[in-house]
Amino acid sequence: MLIDFFTAVGDVLSSESTYINGALFAALLAYAATGEWVAERSGTLNISVEGMLLSGAFAGILGYHISDLIVVGLVFGVIGGMLIAAVQAEMSHRLSADQFVVGLTLNILVFGLVGFLDREIEPQALRASTVEIPVLVDIPLIGQALFGEPWPFYLLYVLVPVSWWLVYRTRWGLELRAAGENPQSADVSGIDVNRRRRQSIYYAGFTSGLGGAYFLFARIAAFDDSVIGGQGFIAIAAVIFGGWTLWGTMAGCVLFAGALSFQLSLQGLGYELNTELLQALPYLVTIGAMAIFAKRVRPPAALARPFIRGLK
């Protein structure tokens, strides 16, 4: 039995499809987690990232349905994600509504709304064309996964370092981090804390909307209201797993995407295992990683604490 298990693991790890699927899911998580990381560094816990991804995916296919251009679809995806971000930001950091309640409500609202609109409009799309980077695409196992992907995948290679630069090398990023660590001191220094927090949520809407549209055009080019399937919550877990550092967050995205890819590869290779256990595997890995690392890292001091001027 144990030998069979290790044989299955070896087959999965030696299959190129494992890494291709892993890169697909890791990119989706990375798009969402990058923006979520920025939002959490400002002190806001953006629960609505799931709704942003789903809204971005639907808006993306709608944009393509209207224009027959994938670029327009990606722009629509960004707009879709930022519309959800606008509601989250304004409700949580202008009207001081509970950010958890707002986020969960938005997730449910988006799920129902896009399902209804999809049945009414029935938008269609095509998969984005693949771009292979010479030489690098020939690297065994990982070459196709990292350098032979649909072209929206490569936007991530720009997005991640730019996000790091914004947070650590600009005045805006300094003020954003101050809002997440000590909002009272930041306020005394003349920083509009809630404005910075709203802006960070808009950034999360931008990256998540783009990620939802990317996933649609990179994978199946057909919309279903279950296409995201909880990946927004896994992206939040990746930020926590990474200790609120960007590179740790990316490592969390790779780990959780690896679990998703492992599940698919086992099924694709014909191994007969408990279906329910396989479906639960990515979430079990997420919970296990959270249990191990959640208490070993320090979040921003004011994370999830609303800021009201004059109150401590």
Side-chain angles (χ1 to χ4, degrees), residues 31-53 55-56 59 75 77-107 109-110 158-212 232 235-236 239-240 242 244-246 249 298-312:
Y31 272 114
T34 298
E36 180 64 17
W37 170 73
V38 173
E40 293 196 20
R41 289 308 304 250
S42 76
T44 183
L45 190 56
N46 178 35
I47 300 296
S48 61
V49 64
E50 176 82 5
M52 293 175 181
L53 284 169
S55 179
V75 172
V78 167
I79 295 172
M82 293 188 73
L83 285 174
I84 306 305
V87 179
Q88 175 77 62
E90 297 301 312
M91 293 289 289
S92 298
H93 299 297
R94 191 183 295 275
L95 302 180
S96 299
D98 188 289
Q99 56 192 281
F100 297 99
V101 174
V102 172
L104 291 173
T105 302
L106 282 172
N107 289 336
L109 174 63
V110 171
V158 177
L159 179 66
V160 173
V162 165
S163 298
W164 181 89
W165 178 81
L166 282 173
V167 171
Y168 286 109
R169 291 292 184 267
T170 67
R171 180 180 179 86
W172 179 80
L174 178 63
E175 294 179 355
L176 181 140
R177 286 182 284 129
E181 291 293 342
N182 195 327
Q184 282 74 28
S185 296
D187 180 61
V188 171
S189 300
I191 299 170
D192 190 331
V193 172
N194 283 326
R195 184 181 182 186
R196 291 291 173 267
R197 290 182 172 182
R198 290 195 301 271
Q199 290 169 346
S200 73
I201 294 177
Y202 275 106
Y203 191 79
F206 168 80
T207 65
S208 297
L210 183 60
I236 296 173
V239 177
I240 299 172
W244 290 272
T245 66
L246 183 55
T249 296
R298 188 188 74 83
L303 181 63
R305 286 168 47 192
F307 173 74
I308 301 176
R309 178 171 289 181
L311 296 180
K312 294 185 178 181

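Along the sequence shown, the residues carry numbers beginning at 1. Fair warning: this is a prediction, and the values are worked out from it, not measured in the lab.
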Between Arg197 (side chain only) and Ala179 (backbone N and O only), is there a donor and an acceptor less than 3.5 Å apart?
yes
Answer yes or no: is there a donor N or O on one side and an acceptor on the other, between the side chain of Thr207 and the main chain of Ala204, under 3.5 Å?
yes
Kindly give the heavy-atom pair with the smallest separation between Leu45 and Ala304, and that separation in Å.
CB-CB, 4.3 Å
Hey, does Gln199 have a side-chain heavy atom less than 4.5 Å from the side chain of Leu176?
no
Gln88 (side chain) donor-acceptor with Asn46 (main chain) under 3.5 angstrom
no
Would you say the side chain of His93 lies within less than 4.5 Å of the side chain of Gln99, judging by non-hydrogen atoms?
yes
When rounded to the nearest 0.5 angstrom, what distance separates OG in Ser48 from CG in Leu104?
9.5 Å
Just by distance, do the side chain of Arg177 and the backbone of Arg41 share a donor-acceptor pair under 3.5 Å?
no
Do the side chain of Asn107 and the main chain of Ile47 share a donor and acceptor less than 3.5 angstrom apart?
yes
Rounded to the nearest 0.5 Å, what separates atom CH2 in Trp165 from atom CG in Leu246?
14.5 Å
Rounded to the nearest 0.5 Å, how far does CD1 of Ile191 lie from CG of Asn182?
10.0 Å
Within this structure, what is the OH-CE distance for the pair Tyr203 and Met82, rounded to the nearest 0.5 Å?
11.0 Å
Measure the shortest side-chain to side-chain distance between Trp37 and Val160 over non-hydrogen atoms and say whether it is less than 4.5 angstrom.
no
Measuring from Ser42:OG to Phe307:CZ, what's the distance to the nearest 0.5 Å?
13.0 Å
Using side-chain heavy atoms (C-beta onward) and a distance below 4.5 Å, is Glu40 in contact with Ile236?
yes
Results of salt bridge (charged side-chain N to carboxylate O under 4.0 Å, His left out) for Arg198 - residues two or more places apart only:
Glu90
Any sub-3.5 Å donor-acceptor pair from Thr170's side-chain atoms to Leu166's backbone N or O?
yes
Heavy-atom distance under 4.5 Å between the side chains of Val38 and Val167, does that happen here?
yes
Compare all side-chain heavy atoms of Val87 with those of Leu83 and state whether any distance is below 4.5 angstrom.
no
